K.L.:
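Structure incoming, see below.
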Amino acid sequence: MTIAVPAGVRVWLAGGVTDMRRGMNGLTLQIQEGLGRDPHAGDLFVFRGRRGNLIKVLWHDGIGLSLYAKRLEHGRFIWPSPASGAVAISAAQLGYLLDGIDWRNPRRTWRPASAG
């Protein structure tokens, strides 16, 4: 899943567990009432389900609201420990998260030993 995140857009991970049966309206309400943020401000809001293998991303681009979902076939999405509130991450960290990589401490899988 690739989301082209425009420069300057903030990315928020909603702490805790979210009911993944929620759609746009339910998640928008959670952003507004639970996180105390404006769901129409252009920020990306990311939610994770109880099992940890499903996330939903909600984004208002100024024209309309988009809802993206991704499920990992194996493993879990790494999530911050706060049970409530939101944690800000960078667009690059979101890319790692969507690929199932630990966004807190990404590591290269291979590095050349020498230049020649």
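Keep in mind that what you see is a predicted model, and the values were worked out from it rather than measured. Hydrogens, waters and symmetry mates play no part in the numbers below; they use all other heavy atoms, side chains included.
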K.L.:
Ignoring hydrogens and angles, state whether a donor on the side chain of Arg22 or Gln30 is under 3.5 Å from an acceptor on the partner side chain.
P.N.:
yes
K.L.:
Is there side-chain contact between Leu94 and Ile89, with heavy atoms separated by less than 4.5 Å?
P.N.:
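When only atoms from C-beta onward are counted, Ile89 and Leu94 do touch, with a gap below 4.5 Å.
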K.L.:
With side-chain contact (heavy atoms from CB on, under 4.5 Å) as the criterion, how do Phe47 and Leu27 come out once you've worked through the C-alpha distance, each side chain's angles and the decisive distance to 0.1 Å?
P.N.:
CA-CA 9 Å; Phe47 304 89; Leu27 293 174; 3.9 Å; yes
K.L.:
List the atom of Trp79, the atom of Leu13, and the distance in Å for their closest heavy-atom pair.
P.N.:
CH2-CD2, 3.8 Å
K.L.:
What verdict does the side-chain contact (heavy atoms from CB on, under 4.5 Å) test give for Met24 and Leu58, after you've listed the backbone C-alpha separation in whole Å, the side-chain angles of each residue and the deciding distance to 0.1 Å?
P.N.:
CA-CA 7 Å; Met24 285 184 183; Leu58 196 68; 4.1 Å; yes
K.L.:
Please list, chain by chain and in numerical order, all residues satisfying salt bridge (charged side-chain N to carboxylate O under 4.0 Å, His left out) with Arg104, sequence neighbours excluded.
P.N.:
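Only Asp102 meet the salt bridge (charged side-chain N to carboxylate O under 4.0 Å, His left out) criterion with Arg104.
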K.L.:
Restricting to non-hydrogen atoms, name the atom on Trp59 and the atom on Gly42 that form the minimum distance, rounded to 0.1 Å.
P.N.:
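Closest approach of Trp59 to Gly42: NE1-O, 3.1 Å.
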K.L.:
If we ignore hydrogens and angles and just use 3.5 Å, is the side chain of Asn25 paired with the main-chain N or O of Thr28 as donor and acceptor?
P.N.:
no
K.L.:
Please tell me whether Tyr96 and Trp12 are part of a single hydrophobic cluster in this structure, the criterion being side-chain heavy atoms less than 4.5 Å apart.
P.N.:
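Different clusters: Tyr96 never reaches Trp12 through Ile, Leu, Val, Met, Phe, Trp or Tyr contacts under 4.5 Å.
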K.L.:
Would you say Lys56's side chain and Met20's backbone share a donor-acceptor pair under 3.5 angstrom?
P.N.:
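Yes; at least one donor-acceptor contact below 3.5 Å.
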K.L.:
Could you give the distance from CZ (Phe77) to NZ (Lys70), rounded to the nearest 0.5 Å?
P.N.:
6.0 Å
K.L.:
I'd like to know if Leu35 and Val9 are part of one continuous hydrophobic network [Ile/Leu/Val/Met/Phe/Trp/Tyr, side-chain heavy atoms within less than 4.5 Å].
P.N.:
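Different clusters.
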K.L.:
First locate atom CD1 of Ile31, then atom CZ of Phe45, and finally report the distance between them rounded to the nearest 0.5 Å.
P.N.:
4.5 Å
